[in-house]
**Q** 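Okay, here's the structure, questions in a sec.
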Amino acid sequence: MRIAYVIPGPMSKGPMGSSEIRRREKLLNSWAFDGTTVEAMDVESGPTSIESAYEEALCVPATLDLLMDCEDKGFDAAIIGCFGDPGLEPARELCTMPIIGPCEASLLLAASLGHKFSVLTLFDSLIANQEHLVSRVGVREKLASVRASNTPVLGLMSDRDATKTRLMNVATSCIEEDRADVVVLGCMTMAFLGINEEISTSLGVPCVNAAKAALKQAETLVSLGLGHSKTAFATPPKVTRGQSVADLKVG
(Lines give C-alpha, C1' and ligand atoms only; values in the text may rest on other atoms or scores of the structure.)
Protein backbone atom coordinates (compact mmCIF):
# COMPACT_ATOMS: atom_id res chain seq x y z
CA MET A 1 0.00 0.00 0.00
CA ARG A 2 1.03 3.62 -0.58
CA ILE A 3 0.53 6.16 2.18
CA ALA A 4 1.11 9.90 1.80
CA TYR A 5 2.43 11.83 4.79
CA VAL A 6 1.36 15.40 4.03
CA ILE A 7 3.06 18.14 6.03
CA PRO A 8 0.65 21.12 6.11
CA GLY A 9 3.37 23.74 5.84
CA PRO A 10 6.34 24.42 3.52
CA MET A 11 8.90 22.71 5.77
CA SER A 12 11.35 22.46 2.87
CA LYS A 13 11.50 26.27 2.71
CA GLY A 14 11.99 26.76 6.45
CA PRO A 15 14.85 26.18 8.89
CA MET A 16 14.32 22.40 8.99
CA GLY A 17 14.59 22.09 5.21
CA SER A 18 14.05 19.19 2.83
CA SER A 19 16.48 17.02 4.78
CA GLU A 20 14.04 16.89 7.70
CA ILE A 21 11.24 15.74 5.39
CA ARG A 22 13.44 12.94 4.09
CA ARG A 23 14.46 12.02 7.66
CA ARG A 24 10.83 11.73 8.70
CA GLU A 25 10.02 9.73 5.59
CA LYS A 26 12.82 7.30 6.39
CA LEU A 27 11.55 6.85 9.95
CA LEU A 28 7.98 6.30 8.79
CA ASN A 29 9.10 3.62 6.37
CA SER A 30 11.16 1.94 9.10
CA TRP A 31 8.02 1.75 11.27
CA ALA A 32 5.76 0.54 8.45
CA PHE A 33 4.80 -3.07 7.83
CA ASP A 34 6.31 -4.95 4.90
CA GLY A 35 4.50 -3.97 1.74
CA THR A 36 3.80 -0.40 2.89
CA THR A 37 5.54 2.57 1.30
CA VAL A 38 5.26 6.02 2.87
CA GLU A 39 6.01 9.16 0.86
CA ALA A 40 6.47 12.38 2.84
CA MET A 41 5.78 15.73 1.20
CA ASP A 42 5.01 19.31 2.17
CA VAL A 43 2.69 21.98 0.80
CA GLU A 44 4.09 24.88 -1.21
CA SER A 45 2.72 27.75 0.88
CA GLY A 46 1.69 28.63 4.42
CA PRO A 47 3.39 28.85 7.83
CA THR A 48 6.59 26.82 8.16
CA SER A 49 5.59 25.77 11.68
CA ILE A 50 2.14 25.62 13.28
CA GLU A 51 1.74 26.86 16.84
CA SER A 52 -1.73 28.48 16.86
CA ALA A 53 -5.27 28.14 15.55
CA TYR A 54 -4.56 31.02 13.19
CA GLU A 55 -1.62 29.20 11.61
CA GLU A 56 -3.69 26.02 11.37
CA ALA A 57 -6.38 27.91 9.43
CA LEU A 58 -3.80 29.36 7.05
CA CYS A 59 -2.47 25.94 6.13
CA VAL A 60 -5.78 24.22 5.35
CA PRO A 61 -6.45 25.26 1.70
CA ALA A 62 -3.03 24.18 0.42
CA THR A 63 -3.24 20.98 2.46
CA LEU A 64 -6.62 20.05 0.96
CA ASP A 65 -5.26 20.64 -2.55
CA LEU A 66 -2.29 18.35 -1.93
CA LEU A 67 -4.43 15.63 -0.34
CA MET A 68 -6.76 15.58 -3.34
CA ASP A 69 -3.74 15.41 -5.64
CA CYS A 70 -2.45 12.42 -3.67
CA GLU A 71 -5.75 10.61 -4.15
CA ASP A 72 -5.64 11.35 -7.88
CA LYS A 73 -2.15 9.82 -7.96
CA GLY A 74 -3.37 6.56 -6.46
CA PHE A 75 -2.35 6.74 -2.81
CA ASP A 76 -4.31 4.37 -0.59
CA ALA A 77 -4.42 6.67 2.46
CA ALA A 78 -2.98 9.94 3.72
CA ILE A 79 -1.84 11.33 7.06
CA ILE A 80 -2.07 15.04 7.87
CA GLY A 81 1.32 15.69 9.47
CA CYS A 82 0.28 18.07 12.25
CA PHE A 83 -1.06 17.19 15.70
CA GLY A 84 -3.82 19.77 15.38
CA ASP A 85 -5.35 17.70 12.54
CA PRO A 86 -5.91 20.84 10.42
CA GLY A 87 -8.43 20.30 7.64
CA LEU A 88 -9.27 16.75 8.73
CA GLU A 89 -13.05 16.91 8.31
CA PRO A 90 -13.11 18.82 4.99
CA ALA A 91 -10.41 16.46 3.66
CA ARG A 92 -12.66 13.50 4.47
CA GLU A 93 -15.48 15.24 2.61
CA LEU A 94 -13.35 15.71 -0.50
CA CYS A 95 -11.50 12.38 -0.55
CA THR A 96 -12.61 8.75 -0.53
CA MET A 97 -9.29 7.31 0.67
CA PRO A 98 -8.80 7.23 4.46
CA ILE A 99 -7.49 10.55 5.82
CA ILE A 100 -5.80 10.15 9.19
CA GLY A 101 -5.38 12.84 11.84
CA PRO A 102 -2.49 12.09 14.23
CA CYS A 103 -4.31 13.73 17.13
CA GLU A 104 -7.47 11.70 16.63
CA ALA A 105 -5.50 8.47 16.13
CA SER A 106 -3.39 9.11 19.24
CA LEU A 107 -6.30 10.02 21.50
CA LEU A 108 -8.32 6.97 20.50
CA LEU A 109 -5.29 4.78 21.16
CA ALA A 110 -4.49 6.46 24.48
CA ALA A 111 -8.09 6.08 25.64
CA SER A 112 -7.76 2.31 25.16
CA LEU A 113 -4.53 2.00 27.14
CA GLY A 114 -5.59 3.30 30.54
CA HIS A 115 -8.29 4.97 32.61
CA LYS A 116 -6.92 8.51 32.09
CA PHE A 117 -4.44 10.10 29.69
CA SER A 118 -2.63 13.43 29.48
CA VAL A 119 -1.46 15.34 26.41
CA LEU A 120 1.89 17.16 26.33
CA THR A 121 1.45 20.24 24.14
CA LEU A 122 3.71 23.13 23.15
CA PHE A 123 2.37 26.26 24.87
CA ASP A 124 -0.14 27.20 27.56
CA SER A 125 -2.04 29.08 24.83
CA LEU A 126 -2.75 25.75 23.09
CA ILE A 127 -4.23 23.96 26.11
CA ALA A 128 -7.84 25.06 25.52
CA ASN A 129 -7.60 24.17 21.82
CA GLN A 130 -6.25 20.73 22.70
CA GLU A 131 -9.09 20.18 25.16
CA HIS A 132 -11.50 21.08 22.36
CA LEU A 133 -9.88 18.44 20.12
CA VAL A 134 -10.25 15.83 22.86
CA SER A 135 -13.97 16.65 23.08
CA ARG A 136 -14.34 16.48 19.31
CA VAL A 137 -12.78 13.02 19.23
CA GLY A 138 -15.22 11.93 21.94
CA VAL A 139 -12.84 10.89 24.73
CA ARG A 140 -13.17 13.91 27.03
CA GLU A 141 -14.10 11.79 30.05
CA LYS A 142 -10.74 10.02 29.84
CA LEU A 143 -8.66 13.23 29.75
CA ALA A 144 -6.61 13.76 32.91
CA SER A 145 -4.91 16.97 31.74
CA VAL A 146 -3.19 18.93 29.02
CA ARG A 147 0.15 20.38 30.07
CA ALA A 148 2.60 22.50 28.10
CA SER A 149 6.36 22.23 27.76
CA ASN A 150 6.47 25.89 26.59
CA THR A 151 9.00 25.10 23.89
CA PRO A 152 8.49 26.27 20.28
CA VAL A 153 8.45 23.69 17.50
CA LEU A 154 11.80 24.75 16.10
CA GLY A 155 13.33 24.70 19.59
CA LEU A 156 12.41 21.06 20.23
CA MET A 157 15.13 19.78 17.91
CA SER A 158 17.92 22.13 18.96
CA ASP A 159 18.77 20.10 22.08
CA ARG A 160 17.21 16.64 22.10
CA ASP A 161 18.38 15.77 25.62
CA ALA A 162 17.04 19.02 27.06
CA THR A 163 13.73 18.47 25.28
CA LYS A 164 13.49 14.92 26.63
CA THR A 165 14.19 16.10 30.17
CA ARG A 166 11.60 18.87 29.91
CA LEU A 167 8.94 16.54 28.53
CA MET A 168 9.73 13.91 31.13
CA ASN A 169 9.29 16.49 33.90
CA VAL A 170 5.94 17.58 32.48
CA ALA A 171 4.83 13.97 32.06
CA THR A 172 5.80 13.21 35.65
CA SER A 173 3.51 16.01 36.83
CA CYS A 174 0.71 14.56 34.71
CA ILE A 175 1.16 11.15 36.34
CA GLU A 176 1.74 12.24 39.92
CA GLU A 177 -0.60 15.23 40.13
CA ASP A 178 -3.27 14.57 37.48
CA ARG A 179 -3.47 10.76 37.85
CA ALA A 180 -2.70 10.09 34.20
CA ASP A 181 -1.68 6.55 33.34
CA VAL A 182 -0.96 7.26 29.66
CA VAL A 183 0.78 10.28 28.11
CA VAL A 184 0.57 11.51 24.52
CA LEU A 185 3.26 13.53 22.75
CA GLY A 186 1.09 16.31 21.33
CA CYS A 187 3.33 17.56 18.52
CA MET A 188 4.65 15.83 15.42
CA THR A 189 8.17 17.17 15.95
CA MET A 190 8.09 15.53 19.39
CA ALA A 191 6.98 12.31 17.70
CA PHE A 192 10.00 12.27 15.38
CA LEU A 193 12.57 12.81 18.14
CA GLY A 194 12.52 9.12 19.11
CA ILE A 195 11.98 9.76 22.80
CA ASN A 196 8.61 8.15 23.48
CA GLU A 197 10.10 4.76 24.36
CA GLU A 198 12.63 6.36 26.71
CA ILE A 199 9.87 8.32 28.45
CA SER A 200 7.70 5.22 28.73
CA THR A 201 10.52 3.12 30.17
CA SER A 202 11.56 5.80 32.64
CA LEU A 203 8.07 6.66 33.89
CA GLY A 204 6.45 3.25 33.65
CA VAL A 205 3.42 4.32 31.61
CA PRO A 206 2.64 4.12 27.88
CA CYS A 207 3.84 7.15 25.92
CA VAL A 208 1.97 7.44 22.61
CA ASN A 209 3.93 8.55 19.54
CA ALA A 210 1.47 10.39 17.27
CA ALA A 211 3.36 9.60 14.05
CA LYS A 212 3.36 5.87 14.75
CA ALA A 213 -0.28 5.91 15.88
CA ALA A 214 -1.36 7.65 12.68
CA LEU A 215 0.68 5.33 10.47
CA LYS A 216 -0.69 2.19 12.08
CA GLN A 217 -4.26 3.45 11.86
CA ALA A 218 -3.75 4.16 8.16
CA GLU A 219 -2.32 0.69 7.55
CA THR A 220 -5.15 -0.93 9.51
CA LEU A 221 -7.93 0.85 7.62
CA VAL A 222 -6.40 0.09 4.22
CA SER A 223 -5.79 -3.57 5.10
CA LEU A 224 -9.39 -3.93 6.29
CA GLY A 225 -10.77 -2.19 3.21
CA LEU A 226 -12.43 0.45 5.35
CA GLY A 227 -12.80 4.16 4.76
CA HIS A 228 -14.54 7.03 6.49
CA SER A 229 -18.33 7.10 6.26
CA LYS A 230 -19.73 9.34 3.58
CA THR A 231 -22.79 9.73 5.78
CA ALA A 232 -20.58 11.40 8.36
CA PHE A 233 -18.33 13.17 5.84
CA ALA A 234 -20.61 13.76 2.88
CA THR A 235 -19.18 15.05 -0.39
CA PRO A 236 -20.03 18.78 -0.64
CA PRO A 237 -23.29 19.22 -2.61
CA LYS A 238 -21.71 21.54 -5.18
CA VAL A 239 -19.01 18.95 -5.88
CA THR A 240 -21.69 16.25 -6.12
CA ARG A 241 -23.45 18.38 -8.75
CA GLY A 242 -20.33 18.30 -10.89
CA GLN A 243 -18.51 21.47 -9.88
CA SER A 244 -14.80 21.04 -9.33
CA VAL A 245 -13.05 22.39 -6.28
CA ALA A 246 -11.45 24.99 -8.55
CA ASP A 247 -14.94 26.18 -9.52
CA LEU A 248 -15.69 26.92 -5.86
CA LYS A 249 -12.83 29.39 -5.56
CA VAL A 250 -13.17 33.08 -6.28
CA GLY A 251 -10.35 35.06 -7.88
Side-chain angles (χ1 to χ4, degrees), residues 1-14 16-46 48 50 59-109 185 187-194 196 208-230 232-236 239 244-246:
M1 70 181 74
R2 292 175 68 206
I3 297 175
Y5 183 83
V6 174
I7 300 167
M11 182 180 288
S12 58
K13 299 177 182 178
M16 293 185 184
S18 297
S19 60
E20 177 61 14
I21 299 176
R22 301 282 72 82
R23 187 184 76 86
R24 296 187 182 196
E25 181 180 80
K26 184 177 180 180
L27 280 172
L28 287 162
N29 280 287
S30 72
W31 299 332
F33 293 130
D34 290 343
T36 298
T37 300
V38 184
E39 298 178 37
M41 61 200 77
D42 63 346
V43 300
E44 294 185 356
S45 61
T48 55
I50 299 172
C59 80
V60 169
T63 301
L64 294 178
D65 287 343
L66 185 51
L67 288 168
M68 288 186 291
D69 183 59
C70 287
E71 181 161 71
D72 289 341
K73 291 179 178 177
F75 281 90
D76 298 298
I79 299 166
I80 298 175
C82 172
F83 196 79
D85 294 354
L88 180 61
E89 293 193 7
R92 288 175 175 173
E93 291 181 346
L94 293 169
C95 298
T96 57
M97 66 178 177
I99 306 292
I100 310 301
C103 178
E104 182 182 77
S106 298
L107 298 183
L108 292 173
L109 178 59
L185 298 181
C187 169
M188 300 314 288
T189 297
M190 293 179 191
F192 285 103
L193 287 178
N196 59 290
V208 176
N209 179 317
K212 288 185 178 181
L215 172 61
K216 294 306 170 183
Q217 187 182 81
E219 289 182 308
T220 297
L221 290 179
V222 174
S223 67
L224 292 174
L226 294 174
H228 300 290
S229 170
K230 278 300 174 180
F233 305 103
T235 303
V239 175
S244 70
V245 174

**Q** Under 3.5 Å, side chain of K212 to main-chain N/O of A32, donor-acceptor pair present?
**A**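 Side chain of K212 to backbone of A32, a donor-acceptor pair under 3.5 Å: no, none is there.
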**Q** Using side-chain heavy atoms (C-beta onward) and a distance below 4.5 Å, is I79 in contact with Q217?
**A** no
**Q** Under the side chain to side chain contact (heavy atoms under 4.5 Å, CB included) criterion, do L215 and V38 qualify, and how do the steps go?
**A** CA-CA 9 Å; L215 172 61; V38 184; 3.8 Å; yes
**Q** So does K230 have more than 12 non-hydrogen atoms from other groups sitting under 6.0 Å from NZ?
**A** yes
**Q** Quick check for you: to the nearest 0.5 Å, what is the distance between L67 atom CG and M41 atom CE?
**A** 9.0 Å
**Q** With sequence neighbours left out, what residues match E71 under salt bridge (Lys or Arg N to Asp or Glu O under 4.0 Å)?
**A** none
**Q** For A62, which residues count as a side chain to side chain contact (heavy atoms under 4.5 Å, CB included) partner, sequence neighbours excluded?
**A**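 Applying side chain to side chain contact (heavy atoms under 4.5 Å, CB included) to A62 gives V43, S45.
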**Q** When you compare the side chain of M1 with that of T37, does any pair of heavy atoms fall below 4.5 Å?
**A**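 Counting from C-beta outward, T37 and M1 never come under 4.5 Å.
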**Q** Does the side-chain hydrogen bond (donor to acceptor under 3.5 Å, both in side chains) test come out yes or no for T189 and R24, once each step is laid out?
**A** CA-CA 9 Å; T189 297; R24 296 187 182 196; 3.1 Å; yes
**Q** Kindly write out the residues that satisfy salt bridge (Lys or Arg N to Asp or Glu O under 4.0 Å) with E44, not counting sequence neighbours, or none if the list is empty.
**A** none
**Q** Okay, side chain of N209, backbone of A191: is any donor-acceptor separation there less than 3.5 Å?
**A**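 Yes, N209 side chain to A191 backbone: donor-acceptor pair under 3.5 Å.
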**Q** Please report the closest heavy-atom contact between I50 and C82, naming both atoms and the distance.
**A**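 Reported closest heavy-atom pair: CD1-SG, 4.0 Å.
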**Q** Can you give me every donor-acceptor pair (side chain of residues 98-106, partner residue at least two apart or in another chain, under 3.5 Å) with its distance?
**A**
from : atom 1 : to   : atom 2 : distance (Å)
E104 : OE1    : R92  : NH1    : 3.4
E104 : OE1    : R92  : NH2    : 2.7
S106 : OG     : P102 : O      : 2.7

**Q** How far apart are the closest heavy atoms of V222 and A77, and which atoms are they?
**A**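 That closest heavy-atom pairing would be CG2-CB, 3.7 Å.
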**Q** Nearest 0.5 Å, please: how far is OG1 in T63 from CG in D42?
**A**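 These two atoms lie 10.0 Å from each other.
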**Q** Sequence neighbours excluded, which residues qualify as side chain to side chain contact (heavy atoms under 4.5 Å, CB included) partners of S18?
**A**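 Only S12 meet the side chain to side chain contact (heavy atoms under 4.5 Å, CB included) criterion with S18.
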**Q** Are any non-hydrogen side-chain atoms of D76 and I3 less than 4.5 angstrom apart?
**A** no
**Q** Determine, stepwise, if the pair F233 / L94 fulfils side chain to side chain contact (heavy atoms under 4.5 Å, CB included).
**A** CA-CA 8 Å; F233 305 103; L94 293 169; over 6 Å; no
**Q** For the CG atom of L28 and the OG1 atom of T36, what is their distance to the nearest 0.5 Å?
**A** 11.0 Å
**Q** For F75, enumerate each residue passing the ring-ring contact (aromatic ring centres under 6.0 Å, His included) test, keeping only those at least two apart in sequence or located in another chain.
**A**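 Counting only residues at least two positions away or on another chain, F75 forms no ring-ring contact (aromatic ring centres under 6.0 Å, His included).
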**Q** Just by modelled atom types, is the E25 backbone N or O under 3.5 Å from a matching donor or acceptor in the N29 side chain?
**A** yes
**Q** Which value, rounded to the nearest 0.5 Å, describes the distance between M16 atom CE and R23 atom CZ?
**A**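 It is 8.5 Å, given to the nearest 0.5 Å.
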**Q** Taking the side chain as everything from C-beta on, heavy atoms only, tell me whether F83 gets closer than 4.5 Å to L185.
**A**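 Not touching, per the 4.5 Å side-chain cut-off.
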**Q** Within this structure, what is the SG-CD1 distance for the pair C59 and I7, rounded to the nearest 0.5 Å?
**A** 11.5 Å
**Q** Decide side chain to side chain contact (heavy atoms under 4.5 Å, CB included) for I80 and D85; before the verdict, give the C-alpha distance in whole Å, the side-chain angles of both, and the deciding distance to 0.1 Å.
**A** CA-CA 6 Å; I80 298 175; D85 294 354; 5.7 Å; no
**Q** Is the distance from the ring center of Y5 to that of F192 below 6.0 Å?
**A** yes
**Q** Calculate, to the nearest 0.5 Å, the distance between atoms CD and NE2 belonging to E93 and H228 respectively.
**A**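 The CD atom of E93 sits 12.5 Å away from the NE2 atom of H228.
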